[in-house]
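Take a look at the structure set out below.
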Amino acid sequence: MIFTKEKIEEFNTLLANAKKVVITAHKSPDGDSIGSSLALYHYITKEHDNVAICHPDMAPNFLHWMLGSDQVIAHQEREAEVVQLMDEADLIFCLDYNSSGRIGRMDDLLAKSDAKKIMIDHHRDPAADFVDLMFSDPQTCSTAQLIFELMEARNDLDKIDRETSEAIYTGIITDTGSFRFSSVTPKTHEIAAHLIGKGLDHAPIHENLFTTTENRMKLTSFALLEKLVVVPEMQAAYISLTQVEQKRFDAQKGDTEGLVNQALSLEGVKMAVFFKESDGIIKISFRSIAAIPVNDLARNNFHGGGHRNASGGKYVGKMADAIEKFVTILPNFVEENKSHFE
Ligand code: 5GP
Ligand code: MN
């Protein structure tokens with residue numbers, strides 16, 4: 001139980017004393033960073049009249065339907081506003097990230113700010129040095145679930161309205177692969193049951209999240225048909241997409257989301273990697289099953305980190321070299337984690 005009575009009291013004091021509140025979440029938003037931000041926003045605006053959401057960049061199109069998403073101010077697009085809001089804030093929420101490096105160029109603003117900072121997050125190995133109050137639980141499937149638990153701990157479940165409910169549900173769905181991942185617990189289902197019991201219309205949320213475009217479908221088909229490489233002796237598979245290939249299908253932000261999971265779903269494959277070129281760097285996504293710690297691989301070789309089964313990193317240089325580096329270290333990684341690959 002991370003929402004102890006003492007910490008909730010501290011939370012209450014920080015919120016009550018704050019004149020200006022800013023909610024932040026990590027770069028390259030996903031359903032959980034947006035979902036937890038909007039859920040917290042809809043919740044605390046019921047008791048606080050000066051709350052802003054500042055994110056490093058905008059969410060992909062498939063999340064724009066979310067109620068309140070027009071309230072998100074992206075640093076990449078409206079830098080001056082974000083600088084001012086961060087400067088004037090006296091309370092900043094850090095949602096769905098465990099170190100200040102995860103908010104891109106906003107990390108300077110966070111470091112310079114005198115505001116009190118509250119982390120609510122579920123990533124492993126949180127850095128405590130940049131926040132004043134930390135609610136961190138790597139066992140919880142999503143930050144959105146933690147927002148529900150925060151409301152529960154403050155006896156505020158009756159304040160869950162449609163906006164809050166949809167935001168919490170979206171964060172849970174996207175971070176659990178629709179209730180599939182091992183991070184799902186009875187509590188996760190209890191929360192979904194509670195939300196649906198109170199009137200949440202869940203089917204349109206799944207439709208909104210998983211409806212695709214013709215370009216995206218063709219990009220996915222191309223990636224699977226032409227760019228998937230399986231390394232059966234390592235029980236691994238990888239996909240790569242250069243910038244030229246992405247342009248060919250007019251790839252939009254978020255269009256390659258989930259590709260790596262498709263590679264992971266192959267029979268006999270226990271870890272999957274996706275290499276995506278963007279402006280001189282190769283962004284790499286790692287996924288694994290069971291106890292295979294792809295976050296170690298990301299941390300030790302690709303300046304990254306994350307969860308045991310879902311992590312990421314980057315390579316500065318050419319696509320071919322990034323793949324070459326991965327293929328070279330793969331046998332050692334498999335050997336070191338032999339028991340998990342059996
Ligand atoms: P994705 O592959 O979806 O971009 O990222 C999956 C997870 O890996 C994220 O939720 C995050 O925990 C972690 N992650 C992705 N990129 C990075 C990175 O550059 N650094 C660190 N430390 N973690 C990352
Ligand atoms: Mn998350």
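Indexing begins at 1, ligand by ligand and atom by atom, following the structure's order. A quick note: this is a predicted structure, and the numbers were derived from the prediction, not measured. The analysis underlying the following values was restricted to heavy atoms, covering all of them including side chains, and did not include hydrogens, waters or symmetry mates.
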inquiry  = Quick one, L266 with L228, criterion side-chain contact (heavy atoms from CB on, under 4.5 Å). Give me CA distance, side-chain angles, the key distance, then yes/no.
reply    = CA-CA 11 Å; L266 274 168; L228 171 71; 4.0 Å; yes
message = Pairing donors with acceptors under 3.5 angstrom, does anything connect the side chains of S288 and N309?
response = yes
request  = With the side chain counted from C-beta on, respond yes when F62 and N208 share a heavy-atom pair under 4.5 Å apart, and no when they do not.
outcome  = no
query = Any luck finding a side-chain donor-acceptor pair between E245 and T242 under 3.5 Å?
reply = yes
inquiry  = Quick one about Q145 and T188 (side-chain donor to acceptor, distance below 3.5 Å, no hydrogens or angles considered), yes or no?
reply    = yes
request  = Check ligand 1 against S285 and write out every atom of the ligand that is under 4.0 Å from a heavy-atom position of the residue.
outcome  = 1 (P), 2 (O), 4 (O)
ask   = Nearest to atom 15 (C) of ligand 1, what protein heavy atom do you find, and at what distance?
value = G312 CA, 3.4 Å
query = Once the angle between the rings of F179 and H189 is folded into 0 to 90°, is it parallel (under 30°), tilted (30 to 60°) or perpendicular (over 60°)?
reply = parallel
task = Could you please tell me which protein N, O or S atoms lie under 2.8 Å from the Mn ion (ligand 2)?
result = D32 OD2, D96 OD1, H122 NE2, D175 OD2
task = Report yes or no: is the cationic atom of K227 (NZ for Lys, CZ for Arg) under 6.0 Å from the centre of the six-membered ring of F222, at an angle within 45° of the ring normal?
result = no
query = Can an N or O of I284 be found at a distance shorter than 3.5 Å from an N or O of ligand 1?
reply = no
query = Any N or O of D30 that comes nearer than 3.5 Å to an N or O of ligand 1?
reply = no
query = Do S265 side-chain atoms and Q262 backbone N/O form a donor-acceptor pair below 3.5 Å?
reply = yes
ask   = Within a radius of less than 6.0 Å around CD of E214, do more than 12 heavy atoms belonging to other residues, nucleotides or ligands occur?
value = no
query = Does any N or O atom in H123 lie less than 3.5 angstrom from one in ligand 1, N or O only?
reply = yes
query = Using a distance-only test with no angle check, is there a side-chain donor-acceptor pair under 3.5 angstrom linking D175 and H122?
reply = yes
For atom 7 (C) of ligand 1, the option (of G306, G305, A310) bearing the nearest heavy atom = A310
request  = Return yes or no for this condition: an N or O of R287 is under 3.5 Å from an N or O of ligand 1.
outcome  = yes
ask   = How close does the nearest protein non-hydrogen atom get to atom 20 (N) of ligand 1, and which residue and atom is it?
value = G304 CA, 3.6 Å
inquiry  = Please determine whether side-chain contact (heavy atoms from CB on, under 4.5 Å) holds for the pair L38 and S69, giving the CA-CA distance in whole Å, both sets of side-chain angles, and the decisive distance to 0.1 Å.
reply    = CA-CA 7 Å; L38 292 179; S69 64; 4.3 Å; yes
The one among H122, R102, K276 that brings a heavy atom closest to atom 11 (C) of ligand 1 = R102
query = For ligand 1, does K283 get within less than 4.0 Å through its side chain, its backbone, both, or neither, judged by non-hydrogen atoms?
reply = side chain
